[in-house]
Protein chains: 2
Amino acid sequence: MSEFNDASIVEINEVMSAANSAASVMKKLSLAKRAELMNAIADGLENSGDELIQLVMSETNLPDARLRGERGRTIFQLRSYAKACVKGDWLEASIDTAIPDKVPPKPDIRKMLVPLGPVVVFGSSNFPFAYSTAGGDTASAFAAGCPVIVKAHPAHPKTSDAVAQIIHQAVKQCVLPAGVFSHVHGVSFEVGKSLVLHPHTKAVGFTGSYSGGKALFDLANQREEPIPVFAEMGSVNPVFLLPEKITSDPEGIAASYAGSITLGVGQFCTNPGLIIGIKSESLDAFKMTLGSQIKSMAPGNMLHGGIAKAYAEKRATALAQTNVDLLSNTSSDSSELQGLPTIATTSGENFLRNKLLHQEVFGPYSLVVECNNYEEMLAVASSLEGQLTTTIMATDNDIKNHTFLVDILTDKCGRMIMNGVPTGVEVCLSMHHGGPFPSTTDSRFTSVGADAIKRFARPVCYQNFPDHLLPSELQNQNPLSINRRVNDEIKASSIS
Amino acid sequence: MSEFNDASIVEINEVMSAANSAASVMKKLSLAKRAELMNAIADGLENSGDELIQLVMSETNLPDARLRGERGRTIFQLRSYAKACVKGDWLEASIDTAIPDKVPPKPDIRKMLVPLGPVVVFGSSNFPFAYSTAGGDTASAFAAGCPVIVKAHPAHPKTSDAVAQIIHQAVKQCVLPAGVFSHVHGVSFEVGKSLVLHPHTKAVGFTGSYSGGKALFDLANQREEPIPVFAEMGSVNPVFLLPEKITSDPEGIAASYAGSITLGVGQFCTNPGLIIGIKSESLDAFKMTLGSQIKSMAPGNMLHGGIAKAYAEKRATALAQTNVDLLSNTSSDSSELQGLPTIATTSGENFLRNKLLHQEVFGPYSLVVECNNYEEMLAVASSLEGQLTTTIMATDNDIKNHTFLVDILTDKCGRMIMNGVPTGVEVCLSMHHGGPFPSTTDSRFTSVGADAIKRFARPVCYQNFPDHLLPSELQNQNPLSINRRVNDEIKASSIS
């Protein structure tokens with residue numbers, strides 16, 4: 001499949017050794033210097049022109065406009081995380097000044113986040129720019145002050161190589177040690193395994209399947225020194241249609257969901273794979289419109305043959321379940337590489353009985369679950385596993401009448417959307433892209449937005465240090481003008 | 001040993017079921033109501049009088065003054081975390097307002113931390129108040145909005161029961177469901193195992209030994225749904241004596257360390273168990289003073305027979321190692337229950353060769369490592385595992401001449417102390433009581449100070465919610481007047 005060789009153990013040792021040496025340099029880099037590196041990578045991407053887009057298209061089957069948009073998003077991530085890095089709120093700098101006449105005397109105590117060390121990043125197949133080589137995990141790790149080792153995704157090794165060249169160039173331009181960033185290839189699971197088990201590795205970022213992410217998580221916990229794994233492993237992103245809302249506009253809601261389900265041939269971790277409603281004429285109208293819209297959707301090429309095959313198989317298995325009915329699929333002919341837009345239906349009772357129906361079918365597929373009543377809808381909500389998102393289509397009255405549902409759903413997800421679609425993940429500080437297991441391996445951290453930086457850092461506390469020996473972030477003068485909690489109050493001023 | 005029965009599986013199921021129901025109530029409790037509960041427990045402890053102190057003395061052999069001080073500390077923790085809970089900085093509330101004319105439109109996105117759910121707490125033997133039943137973990141979990149299930153420490157079951165009664169009373173007084181707090185006994189590991197494996201358990205707090213903490217961590221990761229375990233597992237807390245500093249006052253430093261090593265019969269997780277210096281006349285003078293001071297120290301009763309026996313065995317094993325010399329121990333007679341204050345010495349070379357010498361000897365024991373030169377001291381520093389604390393005894397000149405040592409030590413610990421002793425952990429926001437594995441299972445969180453609340457919470461993001469349906473913490477008016485990041489700027493004002 002690939003013209004690249006899997007990294008050997010010797011190569012992995014060399015790479016990790018270089019990363020380990022670079023870690024000592026990186027942790028002393030000023031926030032501004034880290035931002036310089038990130039902006040240099042952004043510049044490189046900006047200058048990568050049509051040629052790179054062509055290359056990525058050839059490896060991913062993603063259309064030109066999508067890839068240009070995604071490259072733009074990747075540049076935005078790098079620049080906005082660089083800005084957040086310099087702003088320094090993520091450092092959680094905190095200062096308690098001494099109280100010498102307390103009994104016993106209170107010493108001067110200050111803390112801030114420091115980098116964990118070398119971070120191994122496993123990019124995703126579905127975001128060749130934004131969650132791959134120079135994507136969100138790499139940007140977060142650099143901002144935190146950690147060297148990065150990227151294992152190229154075997155579905156787009158040339159893309160990964162080309163982006164890695166841009167990063168290497170930026171590292172050189174910033175006069176940093178080469179070990180700040182390394183790039184290895186590996187089709188075999190052994191390469192990833194060796195990277196995660198390497199003693200110099202201090203954290204792992206991953207975006208992909210449950211089986212892949214969970215395997216790395218387990219390996220990391222079995223190490224002599226366990227390390228954190230931030231695996232974003234996808235989700236079915238359930239959507240709840242409440243009675244008054246669905247009655248108000250069944251066709252409009254159906255149309256927006258037909259779009260969301262098939263966006264990017266359904267290859268988003270936030271794709272709405274489950275739609276739950278209560279039997280009614282409005283729900284019938286919703287189904288009818290959704291069915292007819294899906295029928296008219298052209299099938300699209302999926303990222304690669306492997307994903308298309310997996311989709312075809314999972315779709316077939318889902319449709320073969322007892323009491324699961326095909327509502328509609330595209331009427332166009334399709335090739336083996338294409339994902340067939342598909343809507344199936346089942347009853348609430350059947351969904352509760354059959355756990356297989358709770359699983360993600362990665363592609364342009366969604367299952368409409370028709371409940372007999374609100375109690376059954378609550379049972380369905382309660383039966384769900386952890387999700388990246390849940391969506392509620394509801395009027396104010398609906399919410400008033402279904403507060404218990406909202407409570408249950410809050411426990412099930414990382415992001416709740418009101419009257420929208422789950423696809424489209426805004427890159428901003430308030431975003432939380434994460435969620436309870438099994439959507440991720442660590443519900444406490446986001447992989448989108450600058451708070452993602454915190455994944456790769458830990459607090460260190462300095463007790464009784466003379467001012468000039470403290471990191472500048474914690475010095476009295478506050479030379480970086482960052483926000484700090486000083487004796488419990490947040491301020492950006494200096495300490496007199 | 002105990003007059004209490006180990007909790008049965010039936011009892012554990014009942015307790016966890018009650019906690020699970022209470023979790024739905026607790027997560028909707030206002031911050032003020034959580035604080036009310038915590039302050040009611042503090043009140044109860046304040047009113048617990050001499051009787052409770054007598055009871056704890058009888059179970060722990062800890063002296064009256066120490067226990068009164070520790071009870072005071074526990075009350076302070078409850079009240080100060082309650083204050084932090086209401087202040088709300090820990091919620092990390094964040095708001096990005098909508099930008100409708102952006103392409104694509106940016107939705108309104110807000111996030112804050114929400115409680116994880118039922119937290120199982122394993123208290124420590126050495127802090128019967130402050131890190132046990134109503135200790136730091138319980139206070140943090142309540143502040144986060146989580147029900148708590150405490151497994152009583154088998155070394156002080158009556159103490160745990162008495163404190164549990166105070167908490168039950170406070171729960172009743174605040175008119176909260178009984179499941180908010182549960183208390184079970186268990187001498188057998190099976191009780192702890194069942195609690196950690198129970199599907200309703202969402203997080204675990206632990207303070208104790210490496211073997212105990214690591215076993216719970218492994219169990220938690222092997223669950224179908226892995227959950228976070230915050231285990232504080234102790235440390236040898238290395239102290240580095242730099243040349244100019246030790247020359248300036250070898251006797252004074254020795255005296256303060258003789259006190260720190262034997263404080264509380266050495267039964268603190270921050271006890272300085274390792275002192276590293278470079279061979280010199282000053283180091284000899286330091287050793288001589290330390291040796292003679294330790295010789296004159298009276299042995300003290302340890303917490304219980306098991307700890308005394310373990311100390312005697314580990315001490316004997318350490319002293320039996322090749323090239324480990326006994327520098328001095330107490331000259332008094334001692335009973336089986338007593339811990340013998342002891343100082344041993346070895347060479348840097350021998351320390352590097354023998355990993356057993358890196359292990360904690362829990363009790364009034366410390367090992368002085370004499371290095372041939374600075375290079376050997378660096379090698380010793382590099383060879384250390386993760387620690388709660390490291391201490392540097394140094395002048396400004398020493399630091400200038402030994403920057404590489406400071407860099408290495410930052411990577412090894414959660415707290416660095418300059419010219420002090422590691423014992424004494426201030427309860428304040430800037431404290432970090434934690435550290436790289438194996439001192440804890442999660443270096444990213446503290447178990448002391450109000451930031452400990454964050455261990456038991458995770459972010460949830462609300463997208464496109466009408467203002468009145470948002471939690472009050474995130475509403476435009478900011479009715480709780482908490483700090484929030486609004487479009488990247490921290491402010492406590494309302495949004496117009």
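Proteins get letters first, then strands, A, B, ... in listed order; numbering begins at 1 in each.
Proximity to chain B (any heavy atom under 4.5 Å) is shown, for A:Ile109, by both the backbone and the side chain. If you measure heavy-atom distances from B:Lys202 to chain A, you find no contacts under 4.5 Å at all. For chain B, the nearby part of A:Pro228 is the side chain; its heavy atoms alone come within less than 4.5 Å. Only the side chain of A:Ile399 has a heavy atom closer than 4.5 Å to any heavy atom of chain B. If you measure heavy-atom distances from A:Lys400 to chain B, you find no contacts under 4.5 Å at all. For a residue to count as touching a neighbouring chain, one of its non-hydrogen atoms must lie under 4.5 Å from one of that chain's; by this rule A:Lys83 does not touch chain B. For chain B, the nearby parts of A:Leu429 are the backbone and the side chain; heavy atoms of each come within less than 4.5 Å. For A:Lys102, the part sitting under 4.5 Å from any heavy atom of chain B is the side chain, from C-beta outward, and nothing else. The contact between A:Leu116 and chain B is made entirely by side chain atoms (from C-beta outward), counting heavy-atom distances below 4.5 Å.
Of all residues spanning residues 381-396 of chain B, those with a heavy atom less than 4.5 Å away from chain A's heavy atoms are B:Asp396, arranged by number. Contacts between residues 437-457 of chain A and chain B, counted as heavy-atom pairs separated by less than 4.5 Å, involve A:Phe437, A:Asp442, A:Ser443, A:Arg444, A:Phe445, A:Thr446, A:Asp451, A:Lys454, A:Arg455, A:Ala457. Proximity to chain A at a heavy-atom threshold of 4.5 Å picks out B:Asp407, B:Thr410, B:Asp411, B:Lys412, B:Cys413, B:Gly414, B:Arg415, B:Met416 from residues 405-416 of chain B, in numerical order.
Contact count versus chain B (heavy atoms, under 4.5 Å) is highest, among A:His433, A:His468, A:Glu224, for A:His468. For the options B:Pro436, B:Gly434, B:Gly424, B:Ala492, heavy-atom pairs under 4.5 Å to chain A are most numerous at B:Pro436. Interface remark: of the candidates B:Thr403, B:Ile490, B:Asn487, B:Asn419, B:Ile490 forms the most heavy-atom pairs closer than 4.5 Å to chain A. Here B:Leu469 is the residue among B:Leu469, B:Ile227, B:Asn483 with the most heavy-atom pairs under 4.5 Å with chain A. In terms of heavy-atom pairs under 4.5 Å with chain B, the best-connected choice from A:Gly435, A:Pro226, A:Gly420 is A:Pro226.
Annotation: side chain of B:Asp96 is not in contact with side chain of A:Glu426 (no heavy-atom distance under 4.5 Å). B:Met431 places none of its side-chain heavy atoms less than 4.5 Å from the side chain of A:Ser94. Annotation: side chain of A:Arg110 is not in contact with side chain of B:His432 (no heavy-atom distance under 4.5 Å). B:Arg485 has its side chain out of reach of A:Ser430: every pair of non-hydrogen atoms, C-beta onward, lies at least 4.5 Å apart.
Of all non-hydrogen atoms in A:Phe217 and B:Asn221, the two that sit nearest each other are CZ-OD1, 3.4 Å.
With sequence neighbours excluded, the residues satisfying side chain to side chain contact (heavy atoms under 4.5 Å, CB included) with A:Asp218 are A:Lys214, A:Gln222.
Of the possible polar contacts, none joining the A:Asn464 side chain to the B:Ile417 backbone as a donor-acceptor pair under 3.5 Å is found.
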